[in-house]
Each structure stands twice: as C-alpha cells, then as structure tokens.
Amino acid sequence: MIGFYNYTVILTYIGLASAISGIFFAFGVCGGESRPTYAVICLMIAGLCDMFDGKIARTKKDRTDDEKNFGIQIDSLCDAVCFGVLPAIIGYAVGLDHLVDLPVLILFPLCAVIRLAYFNVAEESRQKKTSDVRKVYEGLPVTSVALILPLLYSFHKDIGNCFPQVYGTAMLLIAIAFITRFKVKKPGMKTMLAFIGVGFLEFLWLLYKTKF
C-alpha cells in the first residue's frame, strides 16, 4: 500500500476525520439541518489533534527521511482542510452565502494553503542545515483559528444579525495574517497546556451560550 503506516500519523488522521465531520455538519448532510455549532466543535478537536501530532511523531527516533517528509506533507495537507476549508464552510453556514461573500470564502483557504506550502519549503531547507526543533514561525499559524473562531462564534447570538459580517471580517484579517511576514514564537509545553485550558473554557462557554 502507498504511504507510511505507523502511530506517528494517527492523530493527524483523527484531526482530518474531525474536520470532514465538521464540513458535513455545516452543510447539513447529517440530519438534513445545518449545525454550525457542531462544526465549530469539530474545528476545536482538529486543533487539539494538531497541537500534539508533531510531538508524537518525534518520539519515533528511527524515522527515515522519507517518513519525516511524508509526515510534514501529510500534516500540511490535513491542515489545509482542517484550518483552511472548514472555517470557510462554517462561514457559509452562518450566513456568508451571498455572491459578495465569495471572495472572502476563497481568500481564506487560499492564504492558508500559501502559508502551509511556504512552511513546507522553509522547513525542508531548515532541516538540511539543522536537526533542531523549530523555535519560531513566520506568519500566523493556521492552527490558531481553532481558538480564535470558536471564541468568536460563541458570541454569535449576542452579536445578532450582523454576525456573518463580523465573522467574514475576522476571516479576512486572519487570512492576511497567515501570509504577513512576522515572527511568532513556537509555544512550549506550558503554553500548549494553557491553550488547551483556554480551549476547554471556550468549549464550556460555547455550550452555555448556544445550549445546542
């Protein structure tokens, strides 16, 4: 079978499965009714998976260069769906469903893909020079939308009828941040645990505000 099959990619695939489920929820494929809240939760699950898939992959010390490169590629391909396509589809589900909204819905995943492709090129070049773990990112990491957009969505009832426009504006600003050249320090374990705590609080707040 084509591909590399070991435990290092399982979490990445779980994140992708969550994102695809979110797409189905947003489009109303499951049950015939659009459920953007479920889709947002799927986005958060995908973000949680992405936080740790790299660390799990690095525990396998005997990975070949091909396995490492496969891991980089598969992670970015899955990220494109999880944090590029899914947020745009959530935008459509919450009301960005007019022709004038189409540019933003296209721009967001496009910028995410550009950033991910650039990261792959830069990472391949970096790994030829050093085996050290990356300490700094360029541009806003695409995974950040798994915290930013759920927090914004949790206020959709408070914002009211103009929420689609607010969500669209947030998507535009985030898309620009994806491809803007600025340094972002890679979070350590303590920071990642703090992100998990923030995400859990967001999840509880989301449940409270939406009441399903």
Side-chain angles (χ1 to χ4, degrees), residues 8-26 30 34-59 74-91 93-94 108-109 111-112 115-116 119 133-137 139-159 163 166-171 173-175 177-178 184-212:
T8 63
V9 294
I10 292 176
L11 201 59
T12 302
Y13 293 160
I14 292 174
L16 178 62
S18 178
I20 294 172
S21 299
I23 291 171
F24 288 147
F25 284 131
C30 304
S34 177
R35 293 182 170 87
T37 299
Y38 289 6
V40 169
I41 291 173
C42 287
L43 174 62
M44 296 176 72
I45 293 172
L48 181 63
C49 291
D50 188 75
M51 288 182 68
F52 293 101
D53 58 1
K55 292 187 178 297
I56 290 175
R58 286 190 290 273
T59 63
I74 206 69
D75 182 66
S76 290
L77 289 169
C78 292
D79 284 354
V81 177
C82 297
F83 312 116
V85 176
L86 176 56
I89 292 176
I90 291 173
V94 300
F108 188 89
C111 289
R115 189 200 179 284
L116 290 166
F119 172 82
V133 177
R134 175 180 286 273
K135 296 180 180 179
V136 176
Y137 291 124
L140 183 69
V142 295
T143 317
S144 63
V145 302
L147 283 177
I148 298 171
L149 294 181
L151 179 61
L152 178 62
Y153 178 80
S154 68
F155 292 99
H156 73 281
K157 289 186 177 180
D158 301 292
I159 296 173
F163 178 74
V166 174
Y167 188 94
T169 301
M171 286 183 62
L173 295 175
I174 292 170
F178 283 159
V184 178
K185 184 178 179 181
K186 185 177 181 180
M189 181 55 68
K190 290 183 179 179
T191 305
M192 291 176 67
L193 292 175
F195 285 160
I196 292 174
V198 171
F200 182 69
L201 292 175
E202 282 187 12
F203 176 71
L204 295 178
W205 179 249
L206 185 63
L207 293 182
Y208 172 75
K209 294 294 289 185
T210 59
K211 297 181 175 61
F212 279 79

Peer 1: I'd like to know if the side chain of Arg35 and the backbone of Ala26 have a donor-acceptor N/O pair within less than 3.5 Å.
Peer 2: no

Peer 1: Is Ser18 reaching over with its side chain to a backbone N or O of Cys42, donor-acceptor style, under 3.5 angstrom?
Peer 2: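 Yes; judged by distance alone, with no hydrogens or angles, the pair exists.
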
Peer 1: Find the distance between CD (Glu202) and CG (Leu152) and round it off to the nearest 0.5 Å.
Peer 2: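 These two atoms lie 10.0 Å from each other.
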
Peer 1: If you define the side chain from C-beta out and look only at heavy atoms, does anything of Thr169 sit under 4.5 Å from Leu173?
Peer 2: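 Yes, side chains in contact.
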
Peer 1: Looking at SG of Cys49 and CG of Leu11, how far apart are the two atoms once the value is rounded to the nearest 0.5 Å?
Peer 2: 4.5 Å

Peer 1: Is the ring centre of Phe108 less than 6.0 Å from the ring centre of Phe178?
Peer 2: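 Yes: the rings meet the under 6.0 Å criterion.
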
Peer 1: Answer yes or no: are there more than 12 heavy-atom neighbours, outside Phe52 itself, under 6.0 Å from its atom CZ?
Peer 2: yes

Peer 1: Test side chain to side chain contact (heavy atoms under 4.5 Å, CB included) on Leu43 and Phe83; report intermediate values, then the result.
Peer 2: CA-CA 7 Å; Leu43 174 62; Phe83 312 116; 3.8 Å; yes

Peer 1: Can you tell me how the ring of His156 sits relative to the ring of Tyr153, calling it parallel under 30°, perpendicular over 60° and tilted otherwise?
Peer 2: parallel

Peer 1: Taking it one step at a time, do Leu149 and Ile90 satisfy side chain to side chain contact (heavy atoms under 4.5 Å, CB included)?
Peer 2: CA-CA 10 Å; Leu149 294 181; Ile90 291 173; over 6 Å; no

Peer 1: To the nearest 0.5 Å, what is the distance between CD1 on Ile89 and CD1 on Ile23?
Peer 2: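 It comes to 4.0 Å.
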
Peer 1: Say whether Tyr38 and Ser21, considering side chains only, have a donor N or O and an acceptor N or O under 3.5 Å apart.
Peer 2: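 Judged by distance alone, the side chains do not pair up.
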
Peer 1: State the CZ-CG distance between Phe203 and Leu48, to the nearest 0.5 angstrom.
Peer 2: 11.5 Å

Peer 1: Would you check if Leu201 and Trp205 make a side-chain contact, meaning some heavy-atom pair closer than 4.5 Å?
Peer 2: no

Peer 1: Determine, stepwise, if the pair Asp50 / Asp75 fulfils side chain to side chain contact (heavy atoms under 4.5 Å, CB included).
Peer 2: CA-CA 8 Å; Asp50 188 75; Asp75 182 66; 3.3 Å; yes

Peer 1: Report the C-alpha separation of Phe163 and Phe155 in whole Å, then their side-chain angles, then the decisive distance to 0.1 Å, and conclude whether the side chain to side chain contact (heavy atoms under 4.5 Å, CB included) test is met.
Peer 2: CA-CA 9 Å; Phe163 178 74; Phe155 292 99; 5.9 Å; no

